[in-house]
Amino acid sequence: MKLSKTYDPKKYETAIYKLWEDSDSFVPKNRGNDGTFSIVVPPPNANGDLHMGHGLTLGIEDIAVRYHRMKGEASLLLPGADHAGFETWVVYEKHLVKQGKSRFDFSREDLYSQIWDFVAQNKDNYQSQFRQLGASVDWSRFTYTLDNKIVKQAYSSFKKMWDDGLIYRANKLVNFCTYHGTGFADIEVTHKDSDGHLWYIDYPLTDGSGEITVATTRPETMLGDTAVAVNPKDKRYKTMVGKTVKLPLTDREIPIIADDYVDSDYGTGAVKITPAHDPNDFEIGERHDLPKISVIGHDGLITHEAPEEFVGLDVIKAREAVVSTLTKQQLLSKTENINHSVAHCYKCGTVIQPLLREQWFIDTKPLAKKAISALKAKQIRFYPDNKRTQLIAYYEGLRDWNISRQIAWGIPIPAFRNANDPDKWIFDDRVKQETITVDGELYHRDPDVFDTWFSSSSWPYATMNFPDGQDFAKFYPLSAMETGADILYPWVSRMIMFGLYNTGRIPFENVYLHGLIQDEHGQKMSKSKGNVINPIDKVNQFGSDAFRMGIISGESAGNNRPYDESKVIGARNFCNKLWNIARFIQDQIDGAGEINSPKPKSIADHWMLTKLQHLTVRSSSLLEDYRFSEAYDSIYHFVWDDFADWFIEASKTSANIGLLKFGLESILKLCHPFAPFLTEAIWKELGWSKELLITSAWPTIPEADNSQAKKFEEIKQLITEVRQLSKAMELKRPNLLHSSDLVEDENQLITRMARIGEIRKTDKGRGYRLKSTKQKVWLDISDDILATYTKQLKENLKEVQRQIANYESRLSNKGYLAKAPDKVVNDTKSSLAEAETKAKLLSEEVKRFSSS
RNA sequence: GGGUGAUUAGCUCAUUUGGCUAGAGCGCCUCAUUGACGUUGAGGAGGUGACAGGUUCAAAUCCUGUAUCACCCACCA
């Protein structure tokens with residue numbers, strides 16, 4: 001079939017993907033090689049469209065997997081979807097609001113099943129987006145984070161940790177978002193610098209001997225104060241320690257205590273202590289056995305623990321009321337404006353309230369310890385490596401992890417509380433029941449669900465059917481985990497800890513972290529800014545292959561990068577170039593009849609093969625090293641600069657059909673991981689093979705004669721020089737004189753490619769002697785014309801002389817000769833020799849024109 | 001407050017353990033008009049590698065310091 005003039009992605013992509021799927025090409029299978037390669041796709045949230053980050057993730061992972069598949073390894077790219085507990089919950093709540101409803105209108109069970117259906121609708125959506133991106137994922141292994149095996153693994157992790165004493169339930173301060181009504185892990189809280197006030201409040205001593213002034217940014221919490229603390233070394237307050245103050249606005253009497261935590265230089269050096277609403281105060285409270293009075297409830301309103309006049313006010317109103325009452329009572333001595341860091345909900349921006357709540361916590365110390373030693377021993381390779389060091393630092397400061405979430409959407413925590421003994425908890429996975437009876441006693445299920453990250457921490461092996469699955473035996477640890485650098489802490493860190501804990505092994509051998517894709521101006525993409533670029537739009541506009549190559553081009557691990565459409569356009573043009581190379585070769589073959597075997601004959605043939613050799617070796621090693629952009633770059637330039645611009649052009653003088661075909665086959669293979677649709681489409685249209693390109697073998701390295709190749713390189717340089725001279729002197733089809741067998745042999749090639757009028761062999765040259773070759777070749781032009789070029793000649797000579805001086809000074813340096821490697825020194829010597837020859841020729845010409 | 005990264009051509013970015021004349025894409029200038037491709041071909045211009053020191057025969061690369069930007073972490077009331 002005749003190929004059309006330009007490549008039309010829309011015409012092929014859907015059908016090609018179906019071809020791969022129908023042929024089970026994505027199912028891992030060894031082909032003449034017993035290696036394995038495995039990546040699990042970071043499961044996208046099942047609540048919307050794929051974004052740019054997914055495009056990059058899938059692009060990178062698919063390139064790696066397709067390469068290893070073609071190498072013959074059993075290669076698995078396992079797809080999945082994330083129920084994304086809290087994230088989806090937020091999306092669904094907005095959805096409810098649009099319908100004029102709220103979460104309070106439904107029971108938890110109702111909500112759960114509604115969201116289940118909501119998510120199910122979206123799953124099809126992004127599965128088709130995976131297909132559009134060309135991701136060669138094994139759909140038969142598709143895993144959803146609420147699949148039975150994942151839930152079961154979450155329970156067994158929980159149970160094991162429970163049994164090992166790593167899970168504990170405690171009434172501790174949690175980061176609570178009063179808007180969403182749930183607690184968070186520390187990592188889910190963002191700190192923002194905000195303008196606020198520092199209020200100075202006088203607390204009168206009970207014995208009437210004076211007062212102590214405390215400074216606070218949150219005066220409303222004074223209603224829950226249970227002490228005032230000062231530094232034990234602070235002389236100002238030495239006599240007050242042990243006394244009590246009468247807490248204003250309340251009728252309570254609270255002690256003045258001494259604690260090292262207090263910084264004497266900040267504020268007044270005296271701190272009000274509210275153990276129920278401040279993490280530091282909580283710790284001081286623990287040390288001094290202070291009562292914890294919760295004056296702010298989970299609804300964000302003042303509780304009945306506070307005086308009647310404040311009850312039911314929200315935090316802001318309560319603050320105003322407290323300040324105004326204190327002012328009236330003349331207890332407010334000073335107010336300062338300050339800028340300080342305030343914790344906010346990462347999703348809605350509500351100020352986080354540290355509130356007391358009974359939650360499940362994981363003691364992360366022992367888990368982090370193992371992870372640290374694995375990372376220090378470099379058992380996992382990181383791209384870029386500095387993320388490894390960063391992660392170690394993170395583990396070292398890691399605090400216990402609150403895994404309870406007060407939302408309906410998630411995996412229920414398999415723990416039940418004794419109805420008669422609130423401190424007695426048992427593990428049981430009958431979570432569908434609200435109550436169970438064990439040994440004749442009634443137990444109530446914990447209404448909370450797990451933090452999503454708790455279950456996804458086991459993703460690398462839960463997806464592989466740990467502990468007995470064949471996949472686990474074959475593919476674990478994963479070859480690589482490729483994901484965004486932004487989830488190094490929330491996800492990667494925990495997968496490593498959990499993997500080591502549950503399986504005793506690292507979960508993956510390599511971690512490749514890509515940076516954020518920003519908008520064209522380097523701004524973070526976000527819905528609120530309205531600068532989100534949809535990858536699928538770009539796929540539709542430029543084709544999937546162009547998008548993939550454009551987005552990985554210039555990509556380097558760990559670095560953020562703006563979306564650059566010019567790169568996608570460049571890649572689109574490259575697709576078209578490939579397409580037209582195929583068209584040309586197809587035309588050649590159509591007119592050729594019998595196709596000979598791919599034996600190199602001409603010097604161009606040998607040259608092309610040595611370039612191909614070099615490329616195959618280089619691109620393979622770059623791909624093994626996760627240097628995708630550089631691999632793409634080297635293939636791109638071989639195809640365009642070497643194969644199309646030189647080999648194909650040369651073949652117009654004398655074609656070696658067998659080698660053209662071989663070259664194209666090799667190119668299609670090398671390009672396949674990057675441009676899977678296009679290359680498979682060409683492969684199919686050409687109909688040279690019954691097998692699919694996706695499962696064909698990665699090219700082997702061809703044999704070629706290097707000395708023949710060098711001859712072509714010389715001719716190539718000669719041609720380039722003639723082109724340069726023609727351009728500079730505005731010559732039209734100049735003639736060439738030479739006394740060289742090589743030039744004689746290649747005179748047709750030179751005539752065509754250098755746009756020469758006539759080539760003639762002669763004993764005596766005239767005109768301009770070419771400098772790029774050792775062969776004696778002259779551009780046959782008059783001195784008149786050449787004189788117009790004198791200025792350029794002088795500049796060239798100067799440049800060459802500068803180089804010579806440079807080389808000479810290097811070679812006269814004793815240290816250089818003694819310490820630099822021989823190869824480097826020899827290179828310098830031959831460069832010097834070359835430059836000297838060139839200088840001689842140039843100076844002769846310059847002299848000729850200076851004297852005339 | 002602590003940490004990490006960045007700073008290279010007009011723009012966006014590469015450059016594996018220090019070693020040829022620091023590269024690419026896009027943009028720019030000049031030319032080519034059609035027999036694979038104008039989503040093309042040929043030629044070209046353009047860089048004190050942020051700045052200041054240091055180590056080395058040799059530094060964009062290693063070290064120290066400075067500046068600017070970005071991100072991450074952090075319980076100073």
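In what follows, chains are A, B, ... by sequence order, proteins preceding strands, each numbered from 1. From a predicted model like this one, the values you see are computed outputs, not experimental measurements.
- No engagement by A:S629 is indicated, since no non-hydrogen atom pair under 4.0 Å with the nucleic acid exists.
- We find that NZ of A:K524 is positioned 11 Å from C1' of B:C72, with the value rounded to whole Å.
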Annotated protein contacts, base or backbone, on nucleotides 22-27 of chain B with a non-hydrogen cut-off under 4.0 Å, one of B, S, - each: --SSS-
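- Side-chain contact of A:R218 with A:Q353: a donor-acceptor pair under 3.5 Å is present, judged by distance alone.
- A:E624 is linked by a side chain to side chain donor-acceptor pair (under 3.5 Å) to A:Y67, counting only residues two or more places apart in sequence or in another chain.
- Residue-level contact check: A:N559 touches the backbone only, with heavy atoms under 4.0 Å from sugar-phosphate atoms and none from bases.
- Distances from the side chain of A:K652 to the nucleotides B:A36, B:C57, B:A77 place B:A36 closest.
- Where A:D263 and A:K387 each meet RNA chain B at their nearest nucleotide, the meeting point lying more 5' is that of A:K387.
- Comparing A:T217 and A:R627 along RNA chain B, the residue whose closest nucleotide (by nearest heavy atom) sits nearer the 5' end is A:R627.
- Nucleic acid contact class of A:E555 (heavy atoms, under 4.0 Å, all strands): none.
- Among the heavy atoms of the strands lying under 4.0 Å from A:R572 is at least one base atom, whether or not backbone atoms are also near.
- Listed by first then second residue, pairs satisfying salt bridge (charged side-chain N to carboxylate O under 4.0 Å, His left out) with a partner in residues 262-285 of chain A read A:D225-A:K272, not counting sequence neighbours.
- Of the charged side-chain nitrogens involved, none lies within less than 4.0 Å of a carboxylate oxygen, so that A:D587 and A:R583 do not count as a salt-bridged pair.
- Regarding A:D486, its CG atom lies at a distance of 15 Å from the C1' atom of B:C73, rounded to whole Å.
- Contacts of A:L488 with the nucleic acid, taken as non-hydrogen atoms under 4.0 Å apart, are absent.
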Nucleotide pairing, RNA chain B (Watson-Crick or G-U, distances under 3.5 Å), in dot-bracket with [ ] and |: (((((((..((((.....[...)))).(((((.......))))).....(((((..]....))))))))))))....
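- Listed candidates were B:U56, B:U39, B:G43. Nearest to the side chain of A:R723 is B:G43.
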Protein-nucleotides 28-32 of chain B N/O pairs under 3.5 Å:
| unit_1 | atom_1 | unit_2 | atom_2 | d |
| --- | --- | --- | --- | --- |
| B:U30 | O2 | A:K727 | NZ | 2.7 |
| B:C31 | O4' | A:K727 | NZ | 3.2 |

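- The base of B:C37 is not paired with the side chain of A:K5 by any donor and acceptor separated by under 3.5 Å.
- Ring orientation note: the planes of A:Y632 and A:F674 are tilted relative to one another, at an angle of 30° to 60°.
- Taking the side chain of A:W640 as heavy atoms from C-beta on, and the options B:U56, B:A36, B:U40, the nearest nucleotide is B:U40.
- Contacts with RNA chain B (heavy atom under 4.0 Å) in residues 797-811 of chain A: A:Y807, A:R810, listed by number.
- Side chain of A:H340, nearest nucleotide from B:U4, B:A77, B:C37: B:A77.
- A donor-acceptor contact shorter than 3.5 Å links the side chain of A:N576 to the backbone of A:Y7.
- Using a 4.0 Å heavy-atom distance criterion, A:D645 is classed as a sugar-phosphate-only contact.
- No salt bridge links A:K798 with A:E795; every basic N to acidic carboxylate O contact stays at or beyond 4.0 Å.
- Closest to the side chain of A:T6, from the set B:A77, B:C57, B:U39, is B:U39.
- Residue A:Q724 has a polar side-chain atom (N or O) positioned under 4.0 Å from OP1 or OP2 of B:G44.
- In this structure, of B:G19, B:U40, B:G43, it is B:G19 that holds the atom nearest to the side chain of A:A820.
- Contact annotation for A:F282: no contact, since no heavy-atom pair falls under 4.0 Å across all strands.
- Among all heavy-atom pairs drawn from A:A215 and A:G267, the shortest one is CB-CA, 4.3 Å.
- Using modelled atom types, no side-chain atom of A:S651 and backbone atom of A:S654 make a donor-acceptor pair closer than 3.5 Å.
- Nearest nucleotide to the side chain of A:R561, out of B:C13, B:U56, B:A77: B:C13.
- Ion pairing of A:K292 with A:E286 is present here, as a side-chain N (NZ or NE/NH1/NH2) and a carboxylate O approach within less than 4.0 Å.
- The aromatic rings of A:F184 and A:Y346 stand perpendicular to each other, their planes meeting at an angle above 60°, with 30° marking the opposite boundary.
- Pairing each heavy atom of A:F647 with each of A:L660, the nearest pair is CE2-CD2, 3.6 Å.
- Residue-level contact check: A:A571 touches neither bases nor backbone, having no heavy atom under 4.0 Å from any strand.
- For B:A77, one of the phosphate oxygens OP1 or OP2 lies less than 4.0 angstrom from a side-chain nitrogen or oxygen of A:Y266.
- Proximity note for A:Y489 (side chain, C-beta onward) versus B:U4, B:C73, B:A77: the nearest is B:C73.
- We find that A:D234 and A:R236 are joined by a salt bridge, their nearest charged nitrogen and carboxylate oxygen being less than 4.0 Å apart.
- Here A:P821 lies in heavy-atom contact (under 4.0 Å) with a base.
- Across all strands shown, A:S726 has no heavy atoms under 4.0 Å from either base or sugar-phosphate atoms.
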